[in-house]
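Residue numbers begin at 1 in each chain, while the letters A, B, ... track the order of the sequences.
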There are 2 protein chains.
Amino acid sequence: MTTETSHDTTLSPTLEGVAALAGVSSSTVSRVINGSPQVTEQTVARVNDAIARLGYVPNRAARSLVRRRTQMIAMVIPERTAEFFADPYFAEVIQGAAMYASSTDYSLTLLIESESAPEKTHQFLRRGNVDGALILSHFSASSAYLELSRSIPVVFGVRPTGDIDAEIHIVDVDNTAAAALATQHLIDRGRTRIATISGPLDTSAGRERLEGWRATITAAGLVPGACEEGDYTPSGGAAAARRLLDSTTPFDAVFIASAQMAAGALVVLNERGLEVPGDVAIATLDNNAFSTNTSPQLTTVDLHTADKGAAMVEKLVELIQGGTIDPVTLVPIELVTRDST
Amino acid sequence: MTTETSHDTTLSPTLEGVAALAGVSSSTVSRVINGSPQVTEQTVARVNDAIARLGYVPNRAARSLVRRRTQMIAMVIPERTAEFFADPYFAEVIQGAAMYASSTDYSLTLLIESESAPEKTHQFLRRGNVDGALILSHFSASSAYLELSRSIPVVFGVRPTGDIDAEIHIVDVDNTAAAALATQHLIDRGRTRIATISGPLDTSAGRERLEGWRATITAAGLVPGACEEGDYTPSGGAAAARRLLDSTTPFDAVFIASAQMAAGALVVLNERGLEVPGDVAIATLDNNAFSTNTSPQLTTVDLHTADKGAAMVEKLVELIQGGTIDPVTLVPIELVTRDST
DNA sequence: CTGAAAGCGCTTACAG
DNA sequence: CTGAAAGCGCTTACAG
């Protein structure tokens, strides 16, 4: 069985309609709507009354056509959406961005970067479909970033690869500081042989987190333990934990560069009969389901990821409206102590 | 330090520009772009050539204004975005929807339903901002659904509350069948005393999953075990597991209505020293991080949630384009056997 | 098969 | 302070 639904195309009232009811010209109505200061108080009242009675809402397309503004911003995400959305980190960024956007006049649209035809995505972005873009995806070619930034306002949530010296705007956390915060906590708990499971070392975030761990340990007069590289996934964390355990270097704590990896590592530690935090203390980054849905729950650094998403939109809107912003905006971080340390 | 970036407003080529280069009128260019059959092959070639050389892309706003189409569809999500995005189920729906949308001419925009001012959301939706809406949020008042469905094409991903007899379109899984599939698997494994941790029983999905469990057990000539209600979260699952364990009814298996709850329940079973699947077998629903990031990994029914998101967009587009679709579209499900049974 | 013209619903100089 | 007019970039009857 199928159904056919017809939609009553109740054409919403137009500017002209409001003008007629208010007894003014549509120019005046337009001025009132756009808050022009040069309209009599009386006229404003009359127009607003008419607007309210008609339930008038400006036509977006018409406005967009003349203003050359779309009131849309794109969130550019990688083509591998399955992996992307599986990471609670990105879901949280989107959440914060969507939430903040809803308090503005801008709509947020999800734009999947086509890897087979990146040109398509760039075209879309440059051709006036959006007023600005939020980049959560590493474009195939980093030069594409620059080009895009020249066409429309762009805010990055991931560091572009390659060395970009052009003026770009980034919202991020201080990865080094976050890693240092977690590592210092381990030291404060009396641990002296601290290993790490790092993120991918071909990303700046991965390297910075590693550096924060190393520098903090060294600054405390200790010797950095072993390091195994992970890929931010639970299984990657588990594999790294196995390598750590199989190596000859003993350790009494491990700083793990993401909660997802920590969750995976914890399973391995349990399998090997190691107590957490008795035998091994764990501190990680990201305060999400992966740091609370474990036993014991994990001590972590809350990266305030939703705030990051919100800040990305906030900064982009400032840029769109012609404002100037810092090249780098850092989102505050916070240590959350739980039972794994 | 702040930076000021100026964007070269390289006005993209216009219809007129293409027309000039091709030596035809803009009407003809428009016809070619829109695939009108009544244009000479030669002309088509010449116009397409000009389009390619200029990198011309139609102006969305202008087209939208005259066509009274926006090429935008809204995904309406609840105001409690944090909880919403924390549930991998919804992240997966969005993922599938975004992915499918990117293969169409429609852009997907995330619209957060304002609970304090639901009128605002409805207004936005009805005022021609979008060509159609995908509903993943229970509107405060169910009558609002009907109203909305009368204004624009709407596809639901959640069952509206209250009894709606109007013509609405839903994309969903067969919850009863999914629960039955998981439960039957438990029976096939030789379990005879099967308890359940249900979803919220004030939702139809929760009730259907419970009913699938009950009916399957009864049909096998067994007696349904105890039932504890959960809220789809890990902690809710853990609490329900505790109640189950503290009751006097013994059980050798439990059907848990979501992987998130199962992950929480598993922690409790471990704490109490129960072996899975030795002492208790577990089967659940949802094939995501919560069913694989556990030890043992969970036998589950894959609800193909990303496919559901894709199907929602697919059906909505059919509706927008004037087609007729079934009132209910069911997404196929699949049993995935792992180590918990 | 193709072009000239009107119109989609706004905004904004330009006059007054 | 307000109105008439032009124009944003398209699509689509209407002629030919």
Side-chain angles (χ1 to χ4, degrees), chain A residues 9-48 50-51 54-72 105 123-124 126-131 321, chain B residues 9-48 50-51 54-72 105 126-131 321:
Chain A
T9 32
T10 38
L11 19 151
S12 35
T14 156
L15 245 199
E16 310 270 341
V18 177
L21 182 59
V24 297
S25 76
S26 44
S27 313
T28 299
V29 177
S30 177
R31 289 197 187 91
V32 171
I33 287 167
N34 294 296
S36 163
Q38 39 180 19
V39 185
T40 315
E41 217 173 288
Q42 291 179 27
T43 313
V44 171
R46 222 145 28 103
V47 170
N48 279 333
I51 289 175
L54 260 30
Y56 170 76
V57 174
N59 177 299
R60 224 179 211 244
R63 179 177 266 184
S64 179
L65 179 58
V66 48
R67 283 195 187 162
R68 285 134 182 293
R69 282 289 180 81
T70 62
Q71 299 298 123
M72 299 269 332
D105 282 338
Q123 287 257 33
F124 181 88
R126 275 192 319 235
R127 290 310 181 188
N129 285 294
V130 297
D131 292 342
Q321 297 181 341
Chain B
T9 32
T10 37
L11 20 150
S12 36
T14 156
L15 245 198
E16 310 270 343
V18 176
L21 182 59
V24 296
S25 75
S26 43
S27 312
T28 299
V29 177
S30 176
R31 289 198 187 90
V32 171
I33 288 168
N34 295 295
S36 162
Q38 40 181 16
V39 185
T40 315
E41 217 174 290
Q42 290 178 30
T43 312
V44 171
R46 225 149 21 107
V47 170
N48 279 332
I51 288 175
L54 259 30
Y56 170 77
V57 174
N59 177 299
R60 224 181 213 244
R63 178 177 269 185
S64 179
L65 180 58
V66 47
R67 282 194 188 163
R68 285 132 182 293
R69 282 289 181 81
T70 62
Q71 300 299 126
M72 299 269 329
D105 282 337
R126 273 192 320 235
R127 290 311 180 189
N129 284 294
V130 297
D131 292 343
Q321 298 181 341

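Atom pair B/Glu41:CD and C/dC1:C1' shows a separation of 13 Å (rounding to whole Å applied). Remark: C1' of C/dG9 and CZ of B/Arg69 are 18 Å apart, rounded to the nearest angstrom. Atom CG of B/Asn129 and atom P of C/dC10 are 12 Å apart (whole Å). Spacing between atom CZ of A/Arg46 and atom P of D/dT2 amounts to 8 Å, rounded to whole angstrom units. Between B/Arg60 atom CZ and C/dG9 atom P there is a gap of 19 Å when expressed in whole angstrom units. Atom-to-atom, CD of B/Glu16 to C1' of D/dG7 comes out at 12 Å; the value is rounded to the nearest Å. A straight line from CG of B/Leu65 to P of C/dC8 spans 9 Å, rounded to a whole angstrom.
For B/Thr70, the side chain to side chain donor-acceptor pair (under 3.5 Å) criterion is met by B/Asp131, not counting sequence neighbours. In this structure B/Arg60 satisfies the salt bridge (Lys or Arg N to Asp or Glu O under 4.0 Å) test with no other residue, sequence neighbours excluded. Listed by chain and residue number, B/Tyr106, B/Val317 satisfy the side-chain contact (heavy atoms from CB on, under 4.5 Å) test with B/Gln321 (two or more places apart in sequence, or in another chain). Scanning for side-chain contact (heavy atoms from CB on, under 4.5 Å) contacts around B/Val66 gives an empty result, with sequence neighbours left out. The side-chain contact (heavy atoms from CB on, under 4.5 Å) search around B/Gln38 returns B/Arg31, B/Ser36, not counting sequence neighbours. Scanning for side-chain contact (heavy atoms from CB on, under 4.5 Å) contacts around A/Gln42 gives A/Thr40, with sequence neighbours left out.
B/Ile33 and B/Tyr56 make their closest contact through CD1-CE2, 3.4 Å (heavy atoms, listed as atom of the first residue, atom of the second, distance).
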Can you give the donor-acceptor pairs under 3.5 Å from side chains of residues 16-30 of chain A to other protein atoms, not counting sequence neighbours?
unit_1  : atom_1 : unit_2  : atom_2 : d
A/Ser25 : OG     : A/Ser27 : N      : 3.3
A/Ser25 : OG     : A/Thr28 : N      : 3.3
A/Ser25 : OG     : A/Thr28 : OG1    : 3.4
A/Ser30 : OG     : A/Asn34 : ND2    : 3.3

_Nucleotide pairing, DNA chain D (Watson-Crick or G-U, distances under 3.5 Å), in dot-bracket with [ ] and |_ = |||.||||||||.|||
_A/Met72/B/Met72 under side-chain contact (heavy atoms from CB on, under 4.5 Å): CA gap, chis, key distance, verdict_ = CA-CA 11 Å; A/Met72 299 269 332; B/Met72 299 269 329; 3.9 Å; yes
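Within 4.0 Å of A/Ser64, counting heavy atoms only, lies no atom of the nucleic acid at all.
Comparing B/Gln38 and A/Ala61 by the nucleotide of DNA chain C that holds the closest heavy atom to each, the one mapping nearer the 5' end is B/Gln38.
Taking side-chain N and O atoms only, B/Arg68 has a distance below 4.0 Å to OP1 or OP2 of C/dG9. Proximity of B/Thr40 to the phosphate of C/dT2: a side-chain N or O atom is located under 4.0 Å from OP1 or OP2.
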_Base versus backbone protein contacts along nucleotides 11-16 of chain C [heavy-atom cut-off under 4.0 Å; B, S, -]_ = BBB---
